[in-house]
Amino acid sequence: MAYWRQYLAISPFYLIFAAFSFFPVFYSLYLAFQRWDGLGSMQFVGLQQFRFLWDDPVFWLSIRNTLVIWVLSTVPTLFGALTLATLLHSVRRFKGFYRIALYVPNVTSIVAVAIFFGAVFSNNFGLVNAILGMVGISPVPWLSNPWLIKVVISLLMTWQWTGYNMIIYLAGLQAIPGSIYEAAKMDGAGPIRTFFQITIPIMRPIILFTVIISTINGLQSFSEPQVLFASNAANANLGGPGQAGLTTLLYFYQSAFLNNDYGYGAAIVWAFFVLIIILVAVNWRLTTRGRKA
């Protein structure tokens, strides 16, 4: 107990973490085996919540929506981030300005951004349809077509996270010694060959990190469809027309906090947690394939 003062100094963090993070996680697992409306007594139901989950078509619809939005947003986000980082790495003037400008979307309020995107892609009065009308193209039902709803949500997420990943890639590019590129240039390697045979292999650990983080963030989309398609009298179901934008976390929110079925909501998030772990493991395997070769 010689260091009790030091332990006492750092104890507030661990107490707050235990009370508001550690305990709720395991309490939600306990709730997944109960039927509870938040007020009355709990009723133990065992695996019934998960059995119902397996046969719930809305749950599987939310999984499909989440996966489609994840793919449509993650692939262009990482590709665009790596492209922008490469271009910015070669810039000599105003580099600081470009960094700030590209990173600003990540620190902008997601609610404000979602409201802005909802106005820009509005079916009747949106800026995008106004521009299309100026060139003679009929209005596009961005917020009513099932696939276009996913595209709008994906564009929002891409706009938000590209700058974040770009900064990470840029830091990795700046850590590569210039002598490696000079040696490759002397050997006759062109820019494309240098990029794929030198830059990408050296950046592999950083790319792996961004893939995993993007997988976790992309699968947890909630605020984007929640703000774009808030529940109201005209749209009783969350996720927009046909629930095309209903993600799994949004379905959890609907089940637990709108329908007051906290046990089923807990079952949803734990099943979704297992799915996230599986997808992260698959991405890890695919990204690290051939690394030791």
Side-chain angles (χ1 to χ4, degrees), residues 53 55-81 83 105 110-163 165 211 214-255 258 268 271-272 275-276 278-280 282-283 286:
L53 189 71
D55 297 325
D56 184 3
V58 181
F59 171 73
W60 293 110
L61 172 65
S62 71
I63 291 290
R64 290 194 298 270
N65 291 341
T66 302
L67 293 177
V68 170
I69 292 172
W70 167 60
V71 173
L72 291 178
S73 61
T74 301
V75 174
T77 294
L78 297 182
F79 178 78
T83 303
I110 185 60
V111 174
V113 174
I115 293 175
F116 173 76
F117 267 72
V120 169
F121 288 96
S122 174
N123 292 343
N124 300 321
F125 308 104
L127 178 62
V128 174
N129 279 339
I131 296 174
L132 294 177
M134 294 174 61
V135 296
I137 301 178
S138 302
V140 177
W142 296 103
L143 300 182
S144 58
N145 180 277
W147 272 101
L148 293 180
I149 285 174
K150 298 178 179 64
V151 170
V152 172
I153 297 175
S154 302
L155 286 174
L156 195 162
M157 297 174 64
T158 300
W159 185 83
Q160 181 187 14
W161 290 103
T162 298
N165 291 283
V211 167
S214 297
T215 299
I216 296 173
N217 289 332
L219 291 173
Q220 295 185 69
S221 55
F222 169 78
S223 299
E224 300 87 355
Q226 162 67 2
V227 177
L228 282 172
F229 307 103
S231 178
N232 51 50
N235 176 30
N237 293 319
L238 293 176
Q243 295 183 306
L246 181 68
T247 61
T248 305
L249 288 187
L250 193 56
Y251 184 45
F252 152 73
Y253 169 79
Q254 182 184 47
S255 300
L258 298 183
I268 291 174
F272 190 51
L275 175 63
I276 291 177
I278 293 174
L279 291 177
V280 167
V282 170
N283 279 332
L286 292 176

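- T248 places a side-chain heavy atom less than 4.5 Å from the side chain of I268.
- Here the side chain of T247 pairs a donor or acceptor atom with the backbone of S221 at under 3.5 angstrom.
- Within the 4.5 Å cutoff, no side-chain heavy atoms of V128 are placed close to those of V140.
- Residues L78 and W161 fail the side-chain proximity criterion, which asks for heavy atoms closer than 4.5 Å.
- Environment of CZ in F222: crowded, with over 12 heavy atoms of neighbouring residues, nucleotides or ligands closer than 6.0 Å.
- Between L143 and F229, the shortest heavy-atom distance links the atoms O-CE2, 3.7 Å.
- Annotation: side chain of L67 is in contact with side chain of L219 (closest heavy-atom distance under 4.5 Å).
- Of all heavy-atom pairs spanning A271 and L53, the tightest one is CB-CD2, 3.4 Å.
- Rounding to the nearest 0.5 Å gives a distance of 8.5 Å between CG of N145 and NZ of K150.
- Between N123 and P141, the shortest heavy-atom contact is OD1-C, 3.3 Å.
- Listed by chain and number, the residues in a ring pair (Phe, Tyr, Trp, His ring centres under 6.0 Å) with F121 are F117, W142 (sequence neighbours excluded).
- Aromatic pair F252/F272: ring centres not closer than 6.0 Å.
- Using modelled atom types, one finds a donor on one side chain and an acceptor on the other under 3.5 Å when comparing D56 with Y251.
- When atom types are taken as modelled, the side chain of Q220 and the backbone of I216 share a donor-acceptor pair closer than 3.5 angstrom.
- Side-chain contact check for T74 versus N217: every heavy-atom pair is 4.5 Å or farther apart.
- The two residues I115 and V227 make their nearest non-hydrogen contact at CG1-CG1, 3.7 Å.
- Expressed to the nearest 0.5 Å, how far CG of L228 lies from CG of L156 amounts to 6.0 Å.
- With rounding to the nearest 0.5 Å, the separation of OG1 in T215 from CG in L279 is 7.0 Å.
- When the options V152, T77, I69 are evaluated for a side-chain contact (heavy atoms from CB on, under 4.5 Å) with M157, the one that passes is I69.
- Side-chain contact between T162 and P105 is absent, with no heavy-atom pair separated by less than 4.5 Å.
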